[in-house]
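Only one structure is covered here, and it is reproduced in the block below.
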Amino acid sequence: NCRRTCPCALARRRSVAAEQGRAVPRSYKIPESVLVVIHTAALDVLLIRRADAPEFWQSVTGSKDHLHESFEEAAVREVWEETGIDARAPGCILRDWHLENIYGIYPQWLHRYAPGVCENTEHLFSLQVPAGTPVVLNPREHVDWKWLPWLDAADACYSPSNAEACLWLPRLAVLSGVQGAPGPSGR
């Protein structure tokens with residue numbers, strides 16, 4: 001029976017147990033997360049460097065805090081926690097791309113998830129911010145930040161799914177009517 005042997009089945013059973021108020025041995029991360037590509041109208045992308053993996057430049061990412069948290073709520077919360085940017089502030093535009101990536105969790109982070117969980121579902125967003133928006137990092141999570149043109153940001157991302165999201169940015173920005181965005185052919 002797939003439900004019993006599927007690696008994610010155990011995580012679902014633990015999540016159901018938690019919802020029903022039954023004891024769960026320890027708190028594990030929920031294998032549902034957000035990726036938020038923060039950018040300006042000119043498509044300069046904010047990348048942040050992880051404290052626990054200095055070679056790892058990325059956009060804002062993070063898991064849902066609880067099963068009933070919407071992906072949009074998680075995106076707004078993670079952007080605030082990791083960068084100090086209020087995604088609801090005037091001049092900021094949060095866009096749900098209605099796209100998801102399913103990927104294998106990196107081995108060094110598997111211990112954060114319930115036993116048997118090896119995949120994560122990542123929901124994609126972008127956040128357009130005014131140029132010059134201040135960035136205030138949470139030093140426990142990130143140690144540096146930089147703005148890069150979208151193509152350079154894609155090259156700098158450690159995660160393939162993050163790099164791909166940066167590459168999608170100009171096409172989705174054109175469809176969303178971002179001022180100053182390049183046409184579908186690129187720069």
Side-chain angles (χ1 to χ4, degrees), residues 29 32-65 69-103 106 109 120-187:
K29 287 182 75 141
E32 297 179 3
S33 66
V34 295
L35 168 69
V36 185
V37 178
I38 300 174
H39 66 92
T40 65
L43 300 185
D44 289 329
V45 173
L46 176 65
L47 293 183
I48 51 183
R49 189 168 56 146
R50 293 184 65 100
D52 61 357
E55 74 285 359
F56 204 113
W57 285 92
Q58 65 179 51
S59 293
V60 168
T61 62
S63 295
K64 288 180 166 184
D65 267 357
E69 183 177 38
S70 72
F71 284 114
E72 183 174 335
E73 290 167 334
V76 169
R77 177 182 51 75
E78 287 291 342
V79 166
W80 175 255
E81 289 175 2
E82 295 188 8
T83 68
I85 296 172
D86 180 358
R88 303 275 190 227
C92 293
I93 304 168
L94 181 67
R95 292 184 179 89
D96 184 339
W97 289 5
H98 301 285
L99 295 173
E100 290 183 339
N101 293 314
I102 297 174
Y103 61 85
Y106 287 115
W109 292 309
N120 184 68
T121 300
E122 176 181 74
H123 196 88
L124 281 68
F125 290 85
S126 63
L127 175 63
Q128 182 179 334
V129 299
T133 296
V135 176
V136 179
L137 299 179
N138 176 342
R140 291 188 321 266
E141 293 191 44
H142 298 94
V143 295
D144 200 5
W145 58 272
K146 59 185 172 183
W147 292 95
L148 293 172
W150 65 273
L151 198 52
D152 295 336
D155 287 339
C157 288
Y158 184 89
S159 160
S161 66
N162 196 163
E164 184 178 18
C166 290
L167 293 174
W168 271 99
L169 185 61
R171 286 172 262 177
L172 292 171
V174 168
L175 293 176
S176 300
V178 172
Q179 296 292 326
S185 63
R187 294 181 175 184

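Just so you know, these numbers come straight off a predicted model, no measurement behind them.
With rounding to the nearest 0.5 angstrom, the OG atom of Ser161 is 10.0 Å from the CD atom of Gln58. Atoms OG1 and CD1, from Thr121 and Ile102 in turn, are 4.0 Å apart once rounded to the nearest 0.5 Å. In this structure, CG on Leu35 lies 7.0 Å from OG1 on Thr61, to the nearest 0.5 angstrom. In this structure, CG in Leu94 is found 12.0 Å from CD1 in Ile85, a value given to the nearest 0.5 Å. The CG atom of Asp52 sits 12.5 Å away from atom CZ of Arg140, with the distance rounded to the nearest 0.5 Å. Atoms CG and CG, from Leu151 and Leu43 in turn, are 11.0 Å apart once rounded to the nearest 0.5 Å.
When each of Glu32, Glu72, Glu69 is paired with Lys64, the salt bridge (charged side-chain N to carboxylate O under 4.0 Å, His left out) condition holds for Glu32 and for no other. Of the candidates Ile93, Thr133, Leu169, Gln128 forms a side chain to side chain contact (heavy atoms under 4.5 Å, CB included) with just one, namely Ile93.
In this structure, Glu82 and Ile48 approach most closely via the heavy-atom pair OE1-CD1, 3.5 Å. Closest of all the heavy-atom pairs between Trp57 and Ala156 is CB-O, 3.6 Å. The shortest non-hydrogen separation linking Tyr106 to Ser159 is OH-CA, 3.8 Å. What you find for Phe71 and Ser33 is that their closest heavy atoms are CE2-O, 3.6 Å. In this structure, Cys92 and Val129 approach most closely via the heavy-atom pair SG-CG1, 3.9 Å. The shortest heavy-atom contact between Asp86 and Trp80 is N-CE3, 3.9 Å.
Aromatic ring orientation, His123 versus Phe125: tilted (interplanar angle from 30° to 60°).
A heavy-atom distance below 4.5 Å is found between the side chains of His142 and Arg50. The shortest distance between side-chain heavy atoms of His39 and Trp150 does not fall below 4.5 Å. Here the side chains of Trp145 and Leu137 are in contact, with some heavy-atom distance below 4.5 Å. At least one side-chain heavy atom of Ser59 sits under 4.5 Å from a side-chain heavy atom of Leu47.
No more than 12 heavy-atom neighbours from other residues, nucleotides or ligands sit within 6.0 angstrom of CH2 on Trp168.
With respect to Glu73 and Arg77, no salt bridge is recorded, no charged nitrogen being found less than 4.0 Å from a carboxylate O.
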